[in-house]
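Read the structure below first, then the notes.
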2 protein chains.
Amino acid sequence: MDIDGGQIRARNSLGRLTQSIVDDVGAAIVTGKFEAASMMPIEADLCTRYQASRSVLREAMKVLNAKGLVTSRPRLGTTVTTPDRWNLFDPDILRWMLRADISLSLLIEFTNVRLAIEPMAAELAARNADAAALQAVTDGYARMAAADEGHDDPLTADIAFHIAILEASGNRFLQRLKPLVETALTFSIRYTDSIARNEQDKLAAHHRVAERLRARDATGAAGALRQLLLDTRDLMTNRL
Amino acid sequence: MDIDGGQIRARNSLGRLTQSIVDDVGAAIVTGKFEAASMMPIEADLCTRYQASRSVLREAMKVLNAKGLVTSRPRLGTTVTTPDRWNLFDPDILRWMLRADISLSLLIEFTNVRLAIEPMAAELAARNADAAALQAVTDGYARMAAADEGHDDPLTADIAFHIAILEASGNRFLQRLKPLVETALTFSIRYTDSIARNEQDKLAAHHRVAERLRARDATGAAGALRQLLLDTRDLMTNRL
DNA sequence: GAACATAGGAATGATATGATAAATGCGTCA
DNA sequence: TGACGCATTTATCATATCATTCCTATGTTC
């Protein structure tokens with residue numbers, strides 16, 4: 001962003017102008033730069049502020065409206081909604097929140113969601129998934145093992161493992177959590193790995209999940225994954 | 001909608017024009033009237049089809065894009081994304097899907113999500129919720145009991161009960177699932193209640209949850225809720 | 001004849017400006 | 001005093017035009 005006497009022009013070299021305005025205003029709302037439950041500047045002011053035409057600004061606002069960050073009414077203007085209306089399941093919003101401040105409490109809340117979701121996904125996967133889908137989980141583990149030897153990226157390997165389980169569940173809702181988990185795990189793993197941790201234990205825990213899945217042991221796989229996540233949560237809560 | 005020789009004009013008396021186009025095109029995509037993974041008509045054609053200016057049509061498309069239903073590129077046009085990219089956690093999309101055909105399998109998948117989420121919410125609520133939040137759960141039960149005597153609406157009372165538990169969890173992600181659960185439960189309850197069912201059993205199961213919550217019994221509350229949902233799921237799977 | 005450069009075309013992206021509709025407050029008139 | 005109408009403000013809708021992108025097809029060169 002180029003700051004120029006209070007005027008901000010989003011760089012249109014990086015992607016489209018509308019998208020960059022969505023990014024900027026969205027992040028500003030999420031980080032509290034526009035006070036919640038209060039009025040936004042009127043369209044015309046935002047236009048001059050971002051040096052954009054009304055159309056492009058309106059399209060950006062429509063997107064933010066779809067994400068639940070703002071509501072607009074004629075004559076009244078556009079208001080920022082209260083945080084409890086924000087759709088945390090939108091990866092954009094989550095990314096803005098996590099990027100602004102790596103809130104440990106938010107990561108713990110996210111881990112609690114994983115603790116609910118992932119064992120169920122493993123259970124469904126053990127029951128219903130086809131061989132190819134389970135192979136993807138094993139592949140994810142193989143990548144983690146390779147990363148441990150320095151032959152792969154540990155972050156993306158770990159994410160691939162957990163994503164593969166969601167995919168294998170066959171449940172469309174759980175599959176739709178992939179972008180969310182991907183976004184949040186990027187921050188979460190980076191955080192937990194920054195704490196001293198036994199990599200072998202972590203690897204073994206993941207292996208146990210993959211192995212139980214291959215054996216089609218629904219409760220075993222769910223239990224193993226649950227234990228893995230409980231350890232992760234403990235790691236975080238001990239830091240509070 | 002007024003059909004007029006292939007042209008459709010969304011009624012702008014009911015809400016805003018943009019919103020009605022989003023509704024119409026979104027529902028059309030979700031119900032397969034625009035073939036998935038294929039090109040949409042170009043902007044100009046959609047404009048004449050919906051008798052709308054390009055501005056409003058573009059704003060509508062931006063919203064659909066934000067929901068993950070379409071992607072647009074210059075020169076190439078707008079393409080419908082494959083269903084695995086649709087954000088089922090967007091209440092609009094879920095509503096369009098459920099309204100189009102009350103797909104039992106989708107409801108079962110949704111129940112599996114509830115089976116993962118709600119016991120965790122109850123557990124967190126038993127541990128952390130303040131008295132007022134727990135009172136809301138009890139109030140929800142009271143409404144269900146009143147509805148059983150004909151003094152309240154059974155559907156909204158049931159929804160209020162489950163929503164209150166999500167709210168009481170204190171977990172921002174789980175709280176964000178309220179609109180989703182509200183939308184899906186509207187269809188789900190309507191379906192299960194259409195099957196012969198013992199209302200007293202249902203009421204008693206809900207009572208057990210509320211009672212365990214008041215007692216701050218985390219595992220007890222989670223278990224009771226889990227049992228309630230297992231029964232619901234059985235009711236549905238038996239119909240497959 | 002094949003590889004590369006280039007010009008054209010078709011679609012979305014962005015801008016500018018005018019007209020319309022809705023919500024609110026204020027003033028006027030019964 | 002109270003109800004109604006009007007002006008004002010702001011979002012919403014419409015239209016016209018230019019910019020950008022990127023595929024396609026046509027040459028042009030080696």
Side-chain angles (χ1 to χ4, degrees), chain A residues 1-2 4 7-26 29 34 37-81, chain B residues 1-2 4 7-25 29 34-35 37-81:
Chain A
M1 236 76 62
D2 301 321
D4 171 19
Q7 293 181 351
I8 299 171
R9 150 136 298 221
R11 227 169 248 148
N12 57 9
S13 52
L14 300 170
R16 305 260 86 64
L17 178 56
T18 304
Q19 189 54 42
S20 68
I21 292 179
V22 169
D23 261 31
D24 200 67
V25 177
I29 290 174
F34 290 112
S38 74
M39 299 307 268
M40 299 261 303
I42 65 174
E43 275 185 357
D45 288 355
L46 287 173
C47 284
T48 62
R49 161 121 61 139
Y50 287 100
Q51 290 287 293
S53 71
R54 272 200 8 240
S55 311
V56 78
L57 194 112
R58 283 182 51 73
E59 285 172 16
M61 283 306 177
K62 268 274 159 19
V63 172
L64 292 174
N65 181 72
K67 291 182 189 300
L69 290 181
V70 301
T71 61
S72 309
R73 293 176 62 198
R75 172 69 181 118
L76 301 180
T78 303
T79 65
V80 181
T81 59
Chain B
M1 235 75 64
D2 300 322
D4 172 20
Q7 294 181 351
I8 300 171
R9 151 136 295 223
R11 227 168 249 150
N12 57 8
S13 53
L14 300 170
R16 307 253 95 46
L17 179 55
T18 304
Q19 188 55 42
S20 68
I21 292 179
V22 169
D23 260 31
D24 200 67
V25 178
I29 290 174
F34 290 113
E35 201 175 337
S38 75
M39 300 308 266
M40 298 260 303
I42 64 173
E43 280 183 350
D45 288 354
L46 287 173
C47 284
T48 63
R49 163 121 59 138
Y50 287 99
Q51 289 286 293
S53 73
R54 215 178 137 213
S55 320
V56 307
L57 194 111
R58 282 181 55 73
E59 284 172 19
M61 283 307 177
K62 268 277 173 346
V63 172
L64 293 174
N65 181 72
K67 292 182 188 299
L69 290 180
V70 301
T71 60
S72 305
R73 291 178 62 198
R75 172 68 182 116
L76 303 179
T78 303
T79 65
V80 181
T81 59

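A, B, ... follow the sequence lines: proteins, then strands. Residue 1 opens every chain.
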- The side chain of B/Pro74 lies closest to which of these nucleotides: D/dT21, C/dA23, D/dA14? D/dT21
- Considering only side-chain heavy atoms of B/Arg75, which listed nucleotide, C/dG13, D/dA11, C/dA10, is closest? C/dA10
- Given DNA chain C, 5'-ward residue of the pair B/Met40 and A/Ser53, judged by closest heavy atom: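 Comparing both residues, the 5'-ward one is B/Met40.
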Nearest whole Å is fine: how far is [N] [atom2] from [X] [atom1]?
X	N	atom1	atom2	result
A/Glu43	D/dC13	CD	P	11 Å
A/Asp45	D/dT10	CG	C1'	12 Å
A/Glu59	C/dT12	CD	C1'	10 Å
B/Ile42	D/dC23	CD1	C1'	16 Å
A/Leu76	D/dT8	CG	C1'	13 Å

- Note on the structure: Exactly one candidate in B/Asn65, B/Leu64, B/Ile29, B/Thr71 meets side-chain contact (heavy atoms from CB on, under 4.5 Å) with B/Thr81; the answer is B/Thr71
- Message: With side chain to side chain contact (heavy atoms under 4.5 Å, CB included) as the criterion, how do A/Tyr50 and A/Val25 come out once you've worked through the C-alpha distance, each side chain's angles and the decisive distance to 0.1 Å?
- Response: CA-CA 10 Å; A/Tyr50 287 100; A/Val25 177; 3.4 Å; yes
- Does B/Thr18 put a side-chain nitrogen or oxygen below 4.0 Å from OP1 or OP2 of D/dC13?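 Yes, because at least one side-chain N or O of B/Thr18 sits under 4.0 Å from OP1 or OP2 of D/dC13.
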- Item | Stepwise side chain to side chain contact (heavy atoms under 4.5 Å, CB included) check, A/Met61 with A/Met40 | CA-CA 11 Å; A/Met61 283 306 177; A/Met40 299 261 303; 3.4 Å; yes
- Query: Relative to the 5' end of DNA chain D, which residue comes earlier, A/Arg73 or B/Arg54, by the nucleotide with the nearest heavy atom?
  - Reply: A/Arg73
- Query: Looking at D/dT15, does its base get a donor-acceptor pair with the side chain of B/Ser55 below 3.5 Å?
  - Reply: yes
Just how far is it from atom [atom1] of [X] to atom [atom2] of [Y], taken to the nearest 0.5 Å?
X	Y	atom1	atom2	value
B/Leu46	B/Thr78	CG	OG1	7.5 Å
B/Gln51	B/Ile21	CD	CD1	10.0 Å
B/Ser53	B/Glu59	OG	CD	8.0 Å

- Have a look at the helix from C/dG1-D/dC30 to C/dA30-D/dT1 and give the angle its two end axes make, five pairs each, rounded to 10 degrees. 10°
